Structures are given as structure tokens and as C-alpha cells.
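These numbers were taken from a predicted model, which means no experiment stands behind them.
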There are 2 protein chains.
Amino acid sequence: MSQKDEVCQHRLLVARDTLEVIQGKWRLPIIISLTHGNKRFGEIQRDISDISPKMLSQELKALETNKIIARTLYDSMPVTVEYSLTPLGLTMKKLLDEILNWGVLFRKEILEK
Amino acid sequence: MSQKDEVCQHRLLVARDTLEVIQGKWRLPIIISLTHGNKRFGEIQRDISDISPKMLSQELKALETNKIIARTLYDSMPVTVEYSLTPLGLTMKKLLDEILNWGVLFRKEILEK
DNA sequence: GTAACTACTTACTCAAAGGTAACTACTATA
DNA sequence: TATAGTAGTTACCTTTGAGTAAGTAGTTAC
């Protein structure tokens with residue numbers, strides 16, 4: 001395998017890493033919701049109106065595993081849990097901007113023509 | 001629903017549009033392969049070593065439907081088919097760059113620690 | 001004591017995504 | 001006549017993603 005091919009293979013690998021983090025129906029909505037400030041479980045659920053508690057719980061765990069968000073438990077009564085973006089999560093801002101930018105462009109070119 | 005909420009809902013919609021185009025195991029690899037020049041079916045298959053002809057055919061059709069790539073048939077013997085990025089496909093460059101950039105960052109922070 | 005709020009979990013089901021293997025149709029070459 | 005190269009297609013199966021509905025556990029207010 002040539003050096004150029006190796007670089008290509010690495011590009012494919014890295015692109016898949018990113019996709020794995022943002023893939024699925026709910027992860028981008030959750031991340032976007034948290035870019036507007038720290039939120040509790042119920043608040044995110046109200047933000048994303050059609051998500052079930054099962055999916056929200058599952059996807060929050062996945063994002064936490066990937067260190068995109070952090071979970072903070074407050075010992076208030078009743079117990080509240082706050083979710084926030086980690087420093088790594090905050091580095092997604094430019095990526096999110098491009099996803100939104102290109103989505104607008106795509107919508108103009110395809111969906112509205 | 002407040003105006004702020006409506007803006008948010010629109011952001012979610014647009015983000016999902018983008019995701020729908022790049023989602024799945026094979027679309028980013030195909031697009032990235034075509035950023036290195038126009039390619040034939042067999043060339044893409046050799047680029048992405050583990051893709052089956054069924055998946056390649058299926059995903060090429062999906063990308064063509066979304067006007068990301070174009071299919072050109074040459075009446076040579078034997079028949080050859082060339083795939084290329086459309087102008088819309090070329091507008092994905094900045095998005096692809098961010099996907100690759102963030103993937104490198106993510107790999108540094110998580111996978112290699 | 002019962003309803004409501006916090007934040008989930010569990011079991012079951014269905015649909016979409018993806019993989020494997022074989023097959024098609026045409027042409028060129030040995 | 002058989003093999004290889006062009007570009008796919010088809011049928012079948014398995015895996016993964018996502019939805020529904022109900023249940024859990026603790027606290028507070030009525």
C-alpha cells in the first residue's frame with residue numbers, strides 16, 4: 001500500500017469516528033439543545049418534543065461515554081440531574097455550524113426546488 | 001410556541017437534513033473517494049476495500065438522488081461508468097474538512113488516551 | 001393516602017441497515 | 001470455448017436502531 005493510500009485510509013477512519021459520535025436520530029438534537037445552556041433531563045425532553053425517556057437516557061449515556069457531555073447530580077429534593085457540554089463537547093461548535101450551514105444550502109438546492 | 005423555539009426547531013430540522021445525506025457506513029467514504037477525482041465503479045470499490053457491490057450501487061444511487069454525485073455513462077467497449085461530484089457535492093468540502101478536523105481531535109482526546 | 005414530580009429502567013416489538021453469495025449481461029482476449 | 005473484465009442485480013438472512021407501554025424509586029404537596 002502506497003503512502004497516499006495510507007493517508008486516505010486514515011481519513012476514512014477519522015471521518016467514521018466523527019460520524020459515530022453524531023449518528024442517529026437524537027444525538028445532534030441533544031447536543032444542540034445543550035449548546036443553549038445546561039439542562040435537566042426533563043428540560044431536554046421538553047426541548048425535543050418527540051423523544052421518549054428510554055431514547056433520551058440511552059443517548060445521554062452514549063454521549064457521556066464519549067465525553068461530549070457531563071452528568072452532574074444535585075442532592076436537592078427531589079433529586080435533580082444537570083447535563084452540560086464538556087470542553088470536548090464545546091469543540092464541536094465549528095462542526096455543528098458547518099452541519100447547519102450545509103443543511104441550509106442543501107435545503108435550498110434540493111428540498112425547496 | 002415562542003419565536004426562539006421556532007428557530008430551534010428549524011435548526012434541528014436542518015441538522016437532520018445534513019445527517020441524512022452523510023449518514024450510514026459508506027456515504028462519507030464514497031464522497032471522500034470522489035474528492036480525489038472522478039472514479040469508476042470498480043475504482044471506488046478498490047478504494048473502499050470492504051464495500052460490497054450491492055452496498056456501493058445502493059449508496060451511489062442515494063447520493064445521485066440527493067444530487068451530490070453525477071453518473072456518466074461512456075459507450076466504450078466494455079461500457080464504463082464514471083462518477084463525479086456535482087457542484088452541490090463540491091460545496092461539502094468545508095463540512096468534510098470539519099468532520100475530519102474534529103475526528104482527529106476526538107481521536108486524540110478519547111481513543112488514544 | 002394518593003396524586004404528582006424528579007429521573008429514569010425494563011420488556012417487547014417492529015423497521016431499517018447492512019452483509020453474503022450467487023447471478024446477469026455484455027465484450028474482449030487467449 | 002473458456003476466462004476475465006466492465007457494472008451492476010437479486011434473494012435471503014442477521015444485526016442494529018428505534019418506538020411503545022408500563023414499571024421503579026424517592027420526595028413533596030394536597
**Study point:** Atom CD of Glu20(A): over 12 foreign heavy atoms under 6.0 Å
**Key:** no
Exercise for review: Rounding to 10 degrees, work out the angle separating the end axes of the helix from dG1(C)-dC30(D) to dA30(C)-dT1(D) (five pairs an end).
Suggested key: 20°
Check your understanding: With a 4.5 Å heavy-atom cut-off, do Leu56(A) and Leu60(A) have their side chains touching?
Key -> yes
Point to revise | Side-chain donor or acceptor of Thr91(B) paired with backbone N/O of Leu88(B) under 3.5 Å | key: yes
Under-3.5 Å N/O pairs linking protein and nucleotides 7-11 of chain D:
{"from": "dA7(D)", "atom 1": "OP1", "to": "Val81(B)", "atom 2": "N", "distance (Å)": "3.4"}
{"from": "dA7(D)", "atom 1": "OP2", "to": "Gly42(B)", "atom 2": "N", "distance (Å)": "3.4"}
{"from": "dG8(D)", "atom 1": "OP1", "to": "Arg71(B)", "atom 2": "NE", "distance (Å)": "3.4"}
{"from": "dG8(D)", "atom 1": "OP1", "to": "Arg71(B)", "atom 2": "NH2", "distance (Å)": "2.5"}
{"from": "dG8(D)", "atom 1": "OP2", "to": "Tyr83(B)", "atom 2": "OH", "distance (Å)": "2.7"}
{"from": "dT9(D)", "atom 1": "OP1", "to": "Lys61(B)", "atom 2": "NZ", "distance (Å)": "3.0"}
{"from": "dT9(D)", "atom 1": "OP2", "to": "Ser57(B)", "atom 2": "OG", "distance (Å)": "2.5"}
{"from": "dT9(D)", "atom 1": "OP2", "to": "Lys61(B)", "atom 2": "NZ", "distance (Å)": "3.1"}

Review point. What is the distance, rounded to the nearest whole Å, between atom CG of Leu56(A) and atom P of dT10(C)?
Key: 16 Å
Exercise for review: Figure out the CD1/P separation between Ile30(A) and dC8(C), and round it to whole Å.
Suggested key: 12 Å
**Study point:** Spacing between Gln45(B) atom CD and dG19(C) atom P, to the nearest angstrom
**Key:** 13 Å
Study note, to complete from the structure: From CD of Glu59(A) across to P of dT9(C) the rounded distance in Å is 13 Å
Check your understanding: Over how many whole Å does the gap from Ile51(A) atom CD1 to dA7(C) atom P extend?
Key -> 14 Å
Name the atoms and distances for all side-chain donor-acceptor pairs under 3.5 Å in residues 77-84 of chain A, with sequence neighbours left out.
{"from": "Thr80(A)", "atom 1": "OG1", "to": "Ser76(A)", "atom 2": "OG", "distance (Å)": "3.2"}
{"from": "Glu82(A)", "atom 1": "OE1", "to": "Asn38(A)", "atom 2": "ND2", "distance (Å)": "3.3"}
{"from": "Tyr83(A)", "atom 1": "OH", "to": "Arg71(A)", "atom 2": "NE", "distance (Å)": "3.3"}

Point to revise | d(CE, Met55(B); C1', dT14(D)) in whole Å | key: 14 Å
Practice item. Rounded to the nearest angstrom, tell me the gap between atom NZ in Lys25(A) and atom C1' in dT16(D). Key: 15 Å
Point to revise | Whole angstrom value for the distance that separates P of dA7(C) from CG of Asp47(A) | key: 14 Å
**Study point:** Heavy-atom side-chain contact between Thr18(B) and Leu100(A) under 4.5 Å
**Key:** no
